[in-house]
Amino acid sequence: MTASDKNRATLQQTGHPGELFGVGEEMWMDVIHKMDEVYSDLLQYEVALEEKNAKLEESQQFILSVLTSMSDILVVCGRNGMIEEVNRSLEDFTGRNLASLRGTLVFDLFADEASRAQARQLFARFGDQGVHDCELPLLAKDGRAVPVSINCTPRFNAVGKSMGMVVTGRPVGELRRAYQALRQAHDDLKRTQQQLLHAEKMASLGRLVAGVAHELNNPISFILGNVHALKRYAERLGRYLNAIHAGVPQSRIEALRAELRIDRLLGDLPPLIEGTIEGAERTRDIVDGLKRFSAIDRDEQQRFNLTEVIERAVRWVSKGTRDNFRIRLELPPQIPIVGSPGQMQQVMMNLVQNAWDAVAQCAAPTLDIVANIRNDHAQVRFHDNGPGVDDKHLAHVFDPFFTTKAVGQGTGLGLAISYGIIERHHGRITVSNHPDGGAVFVIDLPLATGT
Ligand SMILES: Nc1ncnc2c1ncn2[C@@H]1O[C@H](COP(=O)(O)OP(=O)(O)OP(=O)(O)O)[C@@H](O)[C@H]1O
Ligand SMILES: [Mg+2]
């Protein structure tokens with residue numbers, strides 16, 4: 001029954017449908033109509049209120065679930081420091097529930113008189129701006145004073161009036177443990193990196209020694225052969241001179257001269273001595289080169305010819321490789337660069353070595369090294385006829401420790417170190433795949449200025 005039905009029934013029960021308390025029926029109908037409207041408005045308000053209530057409950061539930069699942073402790077307090085709300089973590093930490101905490105002072109949560117006074121002072125002085133990462137001891141449920149890293153943020157009402165503050169905190173022990181674990185991991189990583197760097201250096205040293213040994217072998221065996229020949233010649237010359245000094249007759253001397261092939265010996269001497277000197281010089285050059293290589297760690301700033309460095313790198317690496325590895329060089333006689341020739345040689349040797357590793361399965365392995373000078377820059381291109389770099393690896397080949405080689409065959413540091421060296425020389429190194437196949441590494445370097 002609606003409101004108007006009820007009103008009409010009351011009206012009919014009076015027995016005077018036309019007139020009641022001297023008021024006309026029309027007027028009554030108006031009143032009933034108005035009451036009807038008010039009643040339906042009330043109903044609508046009730047429905048809206050119920051909806052709002054449901055939403056409010058939902059958001060309260062949400063806030064509660066967030067507060068409950070927070071691992072940091074949280075306290076909401078009024079302007080005077082009176083606790084209004086806490087989360088589950090704080091209840092667990094203090095061993096007290098919200099009911100017993102509500103209405104008490106936030107300062108009483110601190111462990112001793114000194115920290116309570118410090119907290120009061122801090123909140124009074126910085127309450128308006130907030131307090132960040134301040135370490136103070138709180139009283140834990142077992143009576144211990146546990147250092148906690150405290151953050152305190154002021155809270156405001158809808159019109160911007162300060163309502164108190166929100167205090168959050170995390171026990172420092174936990175932070176310290178996390179920090180120590182992080183530090184340990186960092187130290188381990190650094191140590192591993194050092195070991196790998198060392199391994200990379202040893203590997204490149206091994207390649208270098210193999211190349212140098214091969215290279216030294218040639219002039220040394222050359223010198224040795226010459227010296228043996230000179231020794232034999234010296235014996236023959238000795239015999240001949242002794243005969244002359246002993247006053248042997250001229251005819252016998254002539255016969256001895258022919259027998260000991262003295263004329264041929266004298267003719268052979270200059271080229272033998274020349275060859276020996278050349279061999280010794282060659283050895284000296286190789287040792288010079290080695291000295292330069294051993295300066296790898298020093299950040300030198302010297303002017304050098306990049307062409308020579310490339311040629312030496314090619315010579316040293318290719319000595320240790322298969323005979324059919326063809327390296328075609330197209331280099332201008334002079335590429336003046338300023339920096340460290342030793343470091344640059346490490347870059348070049350790694351590029352040649354990588355190319356050689358890549359073409360290992362090819363029938364006719366080839367590497368083209370072409371350098372050009374453009375304005376104030378030199379560009380060196382290394383193009384091999386291997387399988388190229390897998391597209392998905394292109395972005396990673398310069399990453400430290402990125403390698404596709406089997407364990408023990410590559411540390412993945414070659415290109416990462418090269419990248420750093422080229423950067424220190426104010427240059428750039430890039431990689432791409434050639435449309436006709438094979439990888440292309442391009443190095444761009446600024447030329448040395450002046451003469
Ligand atoms: N010329 C190339 N062709 C195809 N892939 C290449 C070539 N050069 C380098 N790569 C790829 O880049 C990776 C990284 O090369 P990088 O020189 O940094 O390390 P590595 O040669 O694997 O090991 P390391 O040089 O330390 O002995 C290689 O493992 C290889 O997958
Ligand atoms: Mg390499």
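Order of listing sets the numbers, starting from 1, for every ligand and every atom in it. Hydrogens, waters and symmetry mates play no part in the numbers below; they use all other heavy atoms, side chains included.
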- Item | ligand 1 contact on Asn350 by region, counting heavy-atom pairs under 4.0 Å | side chain
- Item | Within-shell test, Lys405 vs ligand 1, heavy atom, strictly < 4.0 Å | yes
- Can you tell me if Gln353 has an N, O or S atom under 2.8 Å away from the Mg ion (ligand 2)? no
- Query: Any side-chain donor-acceptor pair under 3.5 Å between Asn226 and Lys231?
  - Reply: no
- Message: Taking N, O or S atoms only and a limit of 2.8 Å, check whether Asn350 reaches the Mg ion (ligand 2).
- Response: yes
- Using distance alone, with no hydrogens and no angle criterion, decide if Asp368 and His383 have a side-chain donor and acceptor under 3.5 Å apart. no
- Message: Counting only heavy atoms closer than 4.0 Å, does ligand 1 sit against the backbone of Phe382, its side chain, both, or neither?
- Response: neither
- Close-contact set for ligand 1 against Gly388 heavy atoms, below 4.0 Å: 4 (C)
- Donor-acceptor pair between Ser115 and Asp112 side chains, under 3.5 angstrom: yes
- Task: Using a strict 4.0 Å cut-off to heavy atoms of Ala439, name the atoms of ligand 1 that fall inside it.
- Result: 1 (N), 2 (C), 3 (N)
- Query: Which of the listed options, Leu351, Val397, Asp390, Leu415, holds the heavy atom that is closest to atom 16 (P) of ligand 1?
  - Reply: Leu415
Which atom pairs, one a donor and one an acceptor, fall under 3.5 Å between side chains of residues 64-72 and the rest of the protein, sequence neighbours left out?
| from | atom 1 | to | atom 2 | distance (Å) |
| --- | --- | --- | --- | --- |
| Ser65 | OG | Phe62 | O | 2.7 |
| Thr68 | OG1 | Leu64 | O | 2.5 |
| Ser69 | OG | Ser65 | O | 2.8 |
| Ser69 | OG | Val66 | O | 3.3 |
| Asp72 | OD1 | Arg170 | NE | 2.8 |
| Asp72 | OD1 | Arg170 | NH2 | 3.0 |

- Task: Spell out, as yes or no, whether a donor-acceptor pair under 3.5 Å connects the side chain of Asn305 to the backbone of Pro333.
- Result: yes
- Any heavy atom of Asp357 under 4.0 Å from ligand 1? The part involved is neither
- Task: State whether the side chain of Arg96 and the backbone N or O of Glu91 hold a donor-acceptor pair below 3.5 Å, judged by distance alone.
- Result: no
- Task: Give the atoms of ligand 1, by number and element, whose distance to some non-hydrogen atom of Val389 is under 4.0 Å.
- Result: 4 (C), 5 (N), 6 (C)
- Message: Tell me whether Phe441 reaches ligand 1 (any heavy atom closer than 4.0 angstrom to a ligand atom).
- Response: yes
- Message: Within the 4.0 Å heavy-atom shell around Thr403, which atoms of ligand 1 are there?
- Response: 20 (P), 22 (O), 29 (O)
- Query: Under 4.0 Å between a Lys/Arg side-chain N and an Asp/Glu carboxylate O for Lys55 and Glu50?
  - Reply: no
- Sorted by chain and number, sequence neighbours left out, ring pair (Phe, Tyr, Trp, His ring centres under 6.0 Å) with His425 holds for none
